[in-house]
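Following: one structure in structure tokens, then a few remarks.
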Number of protein chains: 2
Amino acid sequence: MSRKAFQRLSLDDRRRSLMEATLVCVAQHGLHGATVRRIAEEADVTAGLVRHYFGSKDEMIRTAYAYLVGQLTARASDSAKQTEGDADLQLRQFLRANVTMPNLSEQKVSLWATFIGRVRYDPQFAEIHREGYREFLNLLEALVEPVLVAHKRPHSAAICKRHAIALNGLIDGLWMEGSLNSGLYSQALLPDILVEASERLLGLPPGSLSIPQATQEH
Amino acid sequence: MSRKAFQRLSLDDRRRSLMEATLVCVAQHGLHGATVRRIAEEADVTAGLVRHYFGSKDEMIRTAYAYLVGQLTARASDSAKQTEGDADLQLRQFLRANVTMPNLSEQKVSLWATFIGRVRYDPQFAEIHREGYREFLNLLEALVEPVLVAHKRPHSAAICKRHAIALNGLIDGLWMEGSLNSGLYSQALLPDILVEASERLLGLPPGSLSIPQATQEH
DNA sequence: CCATTTGTTATACAATTGAATAATTTTACG
DNA sequence: CGTAAAATTATTCAATTGTATAACAAATGG
């Protein structure tokens, strides 16, 4: 009887591979069903490696959570940065990125919710959540301010923050319910609903955050 | 060595007692840590009763989830119904009830998130979620329509639904992030943020959903 | 080509889990 | 007051869990 053949991976590759396997298992079976053995099997290794790379299952799950949060924010942020110059367009892209693929994903919402449920009784999860939320709020605030300025709307720090909080709530809620897709409406509506609602929240003229017709090619 | 003394409860009382113990344990330790033994201890009974009343742990947890969702919606709905007559005031009360105690609660959000995480891989949880979401959306739609009518805003069925979807997203997001209270802002701001944002979303004049000064007694 | 390091597998183990069954106590009723 | 039915406790059991340890194999550098 021969042992399983295997190849060594770099530290980063192996860790990422294990984190992604963790996310897959948590999404598929919940924290409860995401056992070390199942995760190891998903990553095509044996269970002992978890200890080797993360010390414990809990530590691996924490790391995977932070990995997920970072990914979500980065996707939206990158989408905004891709379009340079126009403040309206940047905000628009940021908003839309949150309610379209790949961020609009039942699996990601499912994961996110599962982890959020742990924030309350696990201080280390609370810390990861707080950091992620803060970063997202700051990003949003930084995107909102120039838009308000451009449209000559009130834009004190307090007002910007208030708008960012409300917008963030709107984004989170639509992202979540939209991803879970209860079948009560089409997911394709979400970007427009979000953009239009954001215009209203910020007190912008209707259509401000729509694509300028001139630069629209397709 | 004598057995533990006990008293018989009515079927409904015992079931509710077990469901509430389930919620306490899930909030405190997650689905993972909410073992039958711990839940039984919390309800001050022995583990066997779970089987007797629910058949299985999973069935008990499902029932507790439906119980929680019903409670959340009922609280908001009751709050709206308490104020009769004025459509604006009813919507206002409904909104505020979602971001004030007892619905604004880290424990409730924590529970809700934990269960949402299960919607994806457990069809019975998905059914409970869908039903709860539909009911909430309908309630919201029914509250929004007369407000739009009163303010002579567009109020076709499609528009009402669209508003309900956006409003629901806003409520969910603010309720969640506000309850988790990352410490980035005061929870006391939430009702005003939500009400003001809702006015904007619906295109109402500022202050429409504030308490009418004339009828304000305290 | 050999030796050493360490990434990886394989096995073992104590603890805990959900559920099943048996024993006992409470309640209701005649 | 006694007796049957039902609720509750106590105990047992097989399965699964996370982790620890030992055996092995792959890459690395001389």
Side-chain angles (χ1 to χ4, degrees), chain A residues 1-26 28-65 114 118 121-122 124-125, chain B residues 1-26 28-65 114 118 121-122 124-125:
Chain A
M1 197 66 184
S2 68
R3 286 198 157 202
K4 175 186 172 190
F6 65 92
Q7 67 171 350
R8 302 161 94 126
L9 253 56
S10 80
L11 188 137
D12 281 350
D13 285 349
R14 182 63 79 197
R15 280 177 64 95
R16 182 166 41 242
S17 159
L18 278 169
M19 290 187 318
E20 277 165 4
T22 301
L23 294 181
V24 167
C25 287
V26 172
Q28 216 151 44
H29 310 102
L31 274 176
H32 179 72
T35 66
V36 169
R37 282 168 178 79
R38 230 199 287 253
I39 293 169
E41 186 189 16
E42 174 72 30
D44 203 33
V45 295
T46 53
L49 268 201
V50 168
R51 178 175 153 80
H52 189 262
Y53 278 100
F54 295 94
S56 73
K57 178 196 178 186
D58 276 3
E59 181 58 26
M60 179 170 69
I61 289 187
R62 267 190 287 273
T63 311
Y65 173 41
T114 300
R118 197 158 165 172
Y121 61 93
D122 186 329
Q124 313 197 57
F125 269 70
Chain B
M1 194 66 183
S2 69
R3 284 198 158 200
K4 174 186 173 191
F6 66 93
Q7 67 171 352
R8 301 161 95 128
L9 253 56
S10 80
L11 187 139
D12 281 350
D13 285 350
R14 183 63 80 199
R15 279 175 64 95
R16 182 166 41 240
S17 160
L18 278 168
M19 289 186 322
E20 277 165 5
T22 301
L23 294 181
V24 167
C25 287
V26 172
Q28 217 152 45
H29 310 102
L31 275 176
H32 179 72
T35 66
V36 169
R37 281 169 179 79
R38 230 199 286 254
I39 293 169
E41 186 188 15
E42 174 73 29
D44 202 34
V45 294
T46 52
L49 269 202
V50 169
R51 178 177 152 78
H52 188 264
Y53 278 100
F54 295 95
S56 74
K57 177 196 178 186
D58 275 4
E59 181 56 27
M60 179 169 70
I61 289 187
R62 266 191 288 272
T63 310
Y65 172 40
T114 300
R118 197 158 163 172
Y121 61 92
D122 185 328
Q124 313 197 55
F125 269 70

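Chain identifiers are assigned alphabetically (A, B, ...) following the order of the sequence lines, protein sequences preceding nucleic acid strands; residue numbering begins at 1 within each chain.
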Between A:Arg14 and C:dT8, is there a side-chain N or O to OP1/OP2 distance below 4.0 Å?
-> yes
Output the single nucleotide from D:dT9, C:dG18, C:dT8 whose closest atom is nearest the side chain of B:Lys57.
-> C:dG18
Nearest to side-chain heavy atoms of B:Arg37, which nucleotide of C:dT8, C:dA10, C:dT17 = C:dT17
Classify the nucleic acid contact of A:Val45 as base, sugar-phosphate or nothing, counting any heavy atom under 4.0 Å across all strands shown.
-> sugar-phosphate
To the nearest Å, how far apart are A:Gln7 CD and C:dT6 C1'?
-> 16 Å
Between A:Arg38 and A:Glu41, does at least one N-O distance fall below 4.0 Å, as a salt bridge requires?
-> no
Closest of C:dA19, C:dT9, D:dT9 to the B:Arg51 side chain is C:dA19
Note: for A:Arg38 and A:Gly48 on DNA chain D, the residue whose nearest nucleotide lies more 5' is A:Arg38
Whole angstrom is fine here: how far is it from CZ in B:Phe54 over to C1' in D:dT8?
-> 15 Å
Test: B:Arg16 and B:Asp13 ion pair at under 4.0 Å = yes
Contact check, side chains of B:Arg62 and B:Phe54, non-hydrogen atoms, under 4.5 Å | no
Below 4.0 Å: OP1/OP2 of C:dG7 and any side-chain N or O of A:His52 = yes
Figure out the NE2/P separation between B:His32 and C:dT16, and round it to whole Å.
-> 12 Å
Sugar-phosphate only, base, or nothing, as touched by B:Thr35 at under 4.0 Å among non-hydrogen atoms = sugar-phosphate
Name the closest nucleotide to the A:Tyr53 side chain, picking from C:dT8, C:dG18, C:dA10.
-> C:dT8
Between D:dA27, D:dT9, C:dG18, which nucleotide has the shortest distance from any of its atoms to the side chain of B:Val36?
-> C:dG18
CD1/B:Ile39 to CD1/B:Ile61 distance, rounded to the nearest 0.5 angstrom?
-> 5.5 Å
Which of these nucleotides, D:dT9, C:dT17, C:dT8, is closest to any side-chain atom of A:Leu9?
-> C:dT8
